[in-house]
Trainee: 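Once you've had a glance at the structure underneath, I'll fire off some questions.
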Amino acid sequence: MPMTASGVHPGSQRMRAEHDIHVIDTAFQRDHFDAAYLLVGNGRGAFIDCGTSHALPRLLGAIADAGLGVDAIDWVILTHVHLDHAGGAGALMRQLPNARLLVHPRGAPHMIDPARLVAGATAVYGEQEMARSYGQIVPVAAARVVVAADGHRLSLGGRELSCIDTPGHARHHLCVWDAASHSWFTGDTFGLSYRELDSARGAFIIPTTSPVQFEPDALHASIERLMARAPQAMYLTHYGRVQDAARLAADLHAQIDAMTAIARACDGRGDRHDALVAALGALYLERARAHGCRLDDAGVLRVLDMDIELNAQGLACWLDRGRSQARGEGVQAAPSTMPAPGMGGA
């Protein structure tokens, strides 16, 4: 079946627009991996996350699918500035004459001047891979950028949205509460959940600990802040809408503890990274089998391959940062603005 410009099968239009929330598959890396959202309130629109600049035709197509013009988009809201969530923000803003960019205070400087972000990512990936995966990363005029402190509120045509500070995955992360759907847009704070791993029990979920700012205590606390509103659903960037939030939150808490225990057990080994990858893979396979995932073990590992690699890297960063703090050496102050090699759920 052909897909619409927004990357959604035409037959899924009604489900896609439930609560006037349009799900856009940005096609980053693979299908159904990286989502952006278009919310509509009384003829006004707001994007939450936007993927890379390669997603621009799909984002503009979603505006048309919603019956809006580009001049009806008031906001581009970023949960954080990792490139798979925000790399296309500058290019998108150039197409939206009335929009403002809403971003965490720690992330705003990197949207206004992305030079450090581009240089750092290019050093990791090289120019060819940067162009292939992320496309052009362009600045957003400072006058169009609004910083969202904890508790920031805005009205989208009378549709009330609010933002809270949710560190744990990154220190420049926020989540967006939509009162109309009684749901959160969670970026990476509420983990990763791919539809290939769904079972009769519902969604399967894992935390993301990708480099370099994973903080388990902060992530536990952020998940609890989200759950305090008894949400009806969570809208994840990776990927889509999930329900049964209480069960999923318990799964995330249990895995954060299990993953940090694995990290401590692997610390000091000469093959620490390989040991982390193997142990994380074993943990997720055990949980996937218990969940009743339909894929065999090889299929589960294939879906989670990028995320296992990134989670291993992030846990290693967390261990090393803790050791530096114990020695009184301080911690690198710069925020993490890009995913580590592997380009998974950063």
Side-chain angles (χ1 to χ4, degrees), residues 1 3-40 45-52 55 58-59 61-62 65-66 77-80 82 84-86 88 161 166 169 173 175-178 180-208 223 226 231-249 251-252 284 288 291 293-295 299-300 302-304 306-307 343-346:
M1 182 183 294
M3 299 181 81
T4 68
S6 57
V8 179
H9 292 303
S12 65
Q13 178 83 10
R14 186 179 66 82
M15 182 175 65
R16 178 171 61 89
E18 185 176 358
H19 297 296
D20 281 324
I21 299 169
H22 300 252
V23 184
I24 305 140
D25 187 342
T26 72
F28 177 71
Q29 298 301 316
R30 62 179 174 85
D31 290 341
H32 306 124
F33 175 75
D34 188 75
Y37 297 96
L38 174 63
L39 279 67
V40 179
F47 284 104
I48 299 180
D49 284 347
C50 61
T52 73
R58 292 174 177 239
L59 300 171
D65 287 352
I77 303 171
L78 302 178
T79 61
H80 58 304
H82 288 166
D84 51 333
H85 298 252
L161 305 176
T166 53
H169 172 74
H173 199 297
C175 290
V176 182
W177 175 253
D178 173 38
S181 64
H182 208 74
S183 301
W184 285 105
F185 291 82
T186 63
D188 286 343
T189 295
F190 205 73
L192 316 168
S193 180
Y194 303 122
R195 305 286 63 78
E196 301 99 313
L197 303 181
D198 290 351
S199 75
R201 295 187 63 219
F204 177 81
I205 203 162
I206 68 169
T208 168
I223 292 168
L226 299 180
Q232 293 182 3
M234 303 292 203
Y235 288 85
L236 281 57
T237 302
H238 311 288
Y239 176 90
R241 178 177 183 257
V242 296
Q243 296 178 283
D244 198 7
R247 174 181 65 83
L248 296 178
D251 287 348
L252 290 170
Y284 303 148
H291 185 68
C293 291
R294 292 181 289 270
L295 298 180
V300 172
R302 188 163 51 248
V303 170
L304 295 178
M306 283 186 187
D307 301 304
M343 300 168 294

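It should be emphasised that the depicted structure is a prediction, and the values quoted were computed from it without experimental measurement. Hydrogens, waters and symmetry mates are skipped; everything else that's a heavy atom, side chains included, is used.
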Trainee: For Ala203 versus Ser193, what's the shortest heavy-atom pair and its separation?
Mentor: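 Nearest heavy atoms, Ala203 then Ser193: CB-OG, 3.5 Å.
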Trainee: Any heavy-atom pair between the side chains of Phe47 and Ile24 that's under 4.5 Å?
Mentor: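 Yes, close enough: below the 4.5 Å cut-off.
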Trainee: Apply ring pair (Phe, Tyr, Trp, His ring centres under 6.0 Å) to His291 and list each qualifying residue two or more places apart in sequence or on a separate chain.
Mentor: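 Result, ring pair (Phe, Tyr, Trp, His ring centres under 6.0 Å) vs His291: Phe204.
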Trainee: Do Phe185 and Leu161 come within less than 4.5 Å of each other through their side chains, counting heavy atoms only?
Mentor: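 No, their side chains stay 4.5 Å or more apart.
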Trainee: For His19 together with His182, are the ring centres under 6.0 Å from each other?
Mentor: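 For His182 and His19, the ring centres are not under 6.0 Å apart.
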Trainee: Specify the closest pair of heavy atoms between Ala62 and Leu38, including all atoms of both residues, with the distance to one decimal.
Mentor: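 Answer, listing the atom of Ala62 first, then Leu38: O-CD2, 3.6 Å.
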Trainee: Kindly write out the residues that satisfy side-chain contact (heavy atoms from CB on, under 4.5 Å) with Ala249, not counting sequence neighbours, or none if the list is empty.
Mentor: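 Once residues adjacent in sequence are excluded, the partners of Ala249 under the side-chain contact (heavy atoms from CB on, under 4.5 Å) criterion are Phe190, Ile223, Met227.
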Trainee: Locate the shortest heavy-atom distance separating Ala35 from Asp49; write the atom from each residue and the value.
Mentor: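 Residues Ala35 and Asp49, closest heavy atoms: O-CB, 4.4 Å.
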Trainee: Would you call Leu226 and Pro231 a side-chain contact if the rule is heavy atoms closer than 4.5 Å?
Mentor: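 No, too far: nothing below the 4.5 Å cut-off.
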Trainee: Please identify which of these residues, Leu248, Thr208, Ile205, Asp188, meets the side-chain contact (heavy atoms from CB on, under 4.5 Å) condition with Leu236.
Mentor: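 In the set Leu248, Thr208, Ile205, Asp188, the residue that makes a side-chain contact (heavy atoms from CB on, under 4.5 Å) with Leu236 is Ile205.
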Trainee: If every non-hydrogen atom of Gln243 is compared with every non-hydrogen atom of Gln232, which pair is closest and at what distance?
Mentor: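 That closest heavy-atom pairing would be CG-O, 3.7 Å.
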Trainee: Going by the angle between their ring planes, with limits at 30° and 60°, are Tyr235 and Tyr37 parallel, tilted or perpendicular?
Mentor: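 Ring orientation, 0 to 90° scale: perpendicular.
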Trainee: Given Leu192, which of Val303, Thr237, Ile206 fulfils the side-chain contact (heavy atoms from CB on, under 4.5 Å) condition?
Mentor: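 Passing option: Ile206.
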Trainee: Please list, chain by chain and in numerical order, all residues satisfying side-chain hydrogen bond (donor to acceptor under 3.5 Å, both in side chains) with Thr52, sequence neighbours excluded.
Mentor: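 Listed in chain order: nothing, the list is empty.
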Trainee: Give, for atom CH2 of Trp184 and atom OG1 of Thr166, the distance between the pair rounded to the nearest 0.5 Å.
Mentor: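 Trp184 CH2 to Thr166 OG1: 8.0 Å, rounded to 0.5 Å.
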Trainee: Examine the side chains of Thr189 and His169 and answer whether a donor and an acceptor come within less than 3.5 Å of each other.
Mentor: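 Per modelled atom types, Thr189 and His169 side chains form no pair under 3.5 Å.
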Trainee: Do Ile77 and Leu39 have side chains that approach each other closer than 4.5 Å (heavy atoms only, starting at C-beta)?
Mentor: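 No, side chains not in contact.
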Trainee: Going by atom types alone, do His238 and Asp84 pair a side-chain donor with an acceptor below 3.5 Å?
Mentor: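 Asp84 and His238 do have a side-chain donor-acceptor pair below 3.5 Å.
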Trainee: Name all residues meeting the side-chain hydrogen bond (donor to acceptor under 3.5 Å, both in side chains) criterion together with Glu196; count only those two or more places apart in sequence or in a different chain, and write none if there are none.
Mentor: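 side-chain hydrogen bond (donor to acceptor under 3.5 Å, both in side chains) list for Glu196, sorted by chain: Arg30.
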Trainee: Looking only at heavy atoms, what is the nearest atom pair of Leu59 and Ala36, with distance?
Mentor: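 Heavy atoms of Leu59 and Ala36 come nearest at CD2-CB, 3.9 Å.
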Trainee: Less than 4.5 Å apart, side chain to side chain, heavy atoms only: is that true for Thr79 and Thr186?
Mentor: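 SC-SC contact between Thr79 and Thr186 ruled out.
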Trainee: Does Asp34 have any side-chain hydrogen bond (donor to acceptor under 3.5 Å, both in side chains) partners at least two apart in sequence or in another chain, and if so, which?
Mentor: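 Result, side-chain hydrogen bond (donor to acceptor under 3.5 Å, both in side chains) vs Asp34: Thr26.
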Trainee: Using the side-chain contact (heavy atoms from CB on, under 4.5 Å) criterion, which residues pair with Ala180? Sequence neighbours excluded.
Mentor: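 With neighbours one apart ignored, the set is Arg159, Asp178.
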Trainee: For Arg195, enumerate each residue passing the salt bridge (Lys or Arg N to Asp or Glu O under 4.0 Å) test, keeping only those at least two apart in sequence or located in another chain.
Mentor: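 Salt bridge (Lys or Arg N to Asp or Glu O under 4.0 Å) check on Arg195 returns Asp198.
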Trainee: Any idea how His32 and Tyr239 line up, ring-wise: parallel (<30°), tilted (30 to 60°), or perpendicular (>60°)?
Mentor: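 Perpendicular.
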Trainee: Can you give me the closest heavy-atom contact between Ala233 and Arg241, atom names plus distance?
Mentor: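 In this case the closest contact between Ala233 and Arg241 is CB-NE, 3.7 Å.
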